Number of protein chains: 2
Amino acid sequence: MTRSFEPDATDRAILRLIQRDAALSLAEIAKEVGLTPTPCWKRIRKMEQDGVITERVVILDPEKVGLGVSVFVAIETGDHSAAWIETFASTVAKMPEIVECWRLGGDVDYLLRVVVSDMTAFDGFYRRLTAQVPSLRKVTSRFAMERVKSTTALPI
Amino acid sequence: MTRSFEPDATDRAILRLIQRDAALSLAEIAKEVGLTPTPCWKRIRKMEQDGVITERVVILDPEKVGLGVSVFVAIETGDHSAAWIETFASTVAKMPEIVECWRLGGDVDYLLRVVVSDMTAFDGFYRRLTAQVPSLRKVTSRFAMERVKSTTALPI
DNA sequence: ATCGATAGTAGGAAAATCTTTTGCTTGCAA
DNA sequence: TTGCAAGCAAAAGATTTTCCTACTATCGAT
């Protein structure tokens, strides 16, 4: 099986740039990578079509919009059935405070990052979560004191 | 102290839209929120100047660029001095595999998310990390089996 | 093997189209 | 009546399309 996307050095250079600043104009991107706007645009469009680039978004300052509290919630479940997993996944999808949810290997089954305005809001979230999801064996919440680093740019 | 940014319902509607799709044209955004392009553009520019919108980026599919492995690394340190914290923070900043680093309250001091291509690459990362950062009392690595949810959109 | 024809890939120039930005005007509310 | 916020229209700028060229690899006939 051959991959439909085989990025060359130029593709990766483009990705490195627009992962950090998608507001760059084609002219600027092209200049950086040593091309003219047209082939550069064609490469970007291809990477969008191939699903390499999945979205274009703006990133907000959580503090500035009053959502400065991140909480990591580690979950161990007592029920590993398909039905439980489905309930859990659909609950996670529906709760916008949950910005990340990972299934892990090892002692912890799931790790969530939850974004809220304050502790009171987190308590409300916690009650809703535990009310909706059955068979939670252990739920451990850890509050983030400081965001040391947070980037959407993958190390290409 | 008055906040320099007091978003109204329209500002929030704009943010909700462009948090999910920053490729929308002003005409489309304006139509959605019930304005014409100009005032809409002025609001967005103001939010950029106020630092509410911090960046515009593209998001990549980690699998498609060969970086499908996320590992959570929980760190307990034996040294809480300012000098240690500085060493640690600068190491974190320099290692592009670390896409998130949070300082937590409670038993775990720091939680990292590390993005790599495979286990071998993680092992290389792990060796470099532990070689660079002194006084690590406990380092626990948990591999992500599945990305259940991951969004950059804050619940505004 | 060598030649030429052919198809596929990547780049570039220019034109067309669409978006963003600016300047100016209007309406509304304090 | 003064100060915002919105709107309109035109200008400036960016994106997208079209068309063309250059290079490379493949294939068949000689």
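Worth saying up front: this structure is predicted, and the values here are computed from it rather than measured. In what follows, chains carry the letters A, B, and so on, assigned in the order in which the sequence lines appear, proteins first and then strands, with residues in each chain numbered from 1.
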Notebook entry, point to check: Of the residues in residues 9-37 of chain B, which ones touch DNA chain C at a heavy-atom distance under 4.0 Å?
Noted result: Ser25(B), Leu26(B)
Next item on the list: Taking all non-hydrogen atoms of both residues into account, name the closest pair between Ser135(A) and Thr77(A) and its distance.
Entry: O-OG1, 3.4 Å
Can you pull every protein N or O that's under 3.5 Å from an N or O on nucleotides 22-27 of chain C?
unit_1  : atom_1 : unit_2   : atom_2 : d
dT22(C) : O4     : Thr38(B) : OG1    : 3.3

Notebook entry, point to check: What pairs of residues pass the salt bridge (Lys or Arg N to Asp or Glu O under 4.0 Å) test when at least one of them lies in residues 33-43 of chain B, not counting sequence neighbours?
Noted result: Asp8(B)-Arg43(B), Asp11(B)-Arg43(B)
Checklist line | CZ/Arg16(A): more than 12 non-hydrogen atoms of other groups inside 6.0 Å | finding: yes
Margin query: Val69(A): which residues meet the side chain to side chain contact (heavy atoms under 4.5 Å, CB included) condition with it, sequence neighbours left out?
Written below: Val71(A), Val116(A), Phe143(A)
Margin query: Does Arg147(A) have more than 12 heavy atoms from other residues, nucleotides or ligands lying within 6.0 Å of its CZ?
Written below: no
Next item on the list: Might you confirm whether atom CZ of Arg20(A) has over 12 heavy atoms from other residues, nucleotides or ligands at distances under 6.0 Å?
Entry: no
Notebook entry, point to check: Separation of Asp8(B) atom CG from dA29(C) atom P, in whole Å?
Noted result: 15 Å
Margin query: Is it the case that over 12 heavy atoms from other parts of the model lie below 6.0 angstrom from the CE atom of Met145(A)?
Written below: yes
Next item on the list: Using salt bridge (charged side-chain N to carboxylate O under 4.0 Å, His left out) as the criterion, list what pairs up with Glu28(A), not counting sequence neighbours.
Entry: none
Notebook entry, point to check: Quick one: do Val58(B) and Val99(B) end up in the same hydrophobic cluster if we chain Ile, Leu, Val, Met, Phe, Trp and Tyr together by side-chain heavy atoms under 4.5 Å apart?
Noted result: yes
Note to self: For chain B and DNA chain D, what are the first and last nucleotides along the strand, 5' to 3', with at least one atom under 4.0 angstrom from a heavy atom of the protein chain?
What the structure shows: dA5(D) to dA9(D)
Next item on the list: Check the angle between the aromatic planes of Trp84(B) and Phe88(B) and answer parallel, tilted or perpendicular using the 30° and 60° thresholds.
Entry: parallel
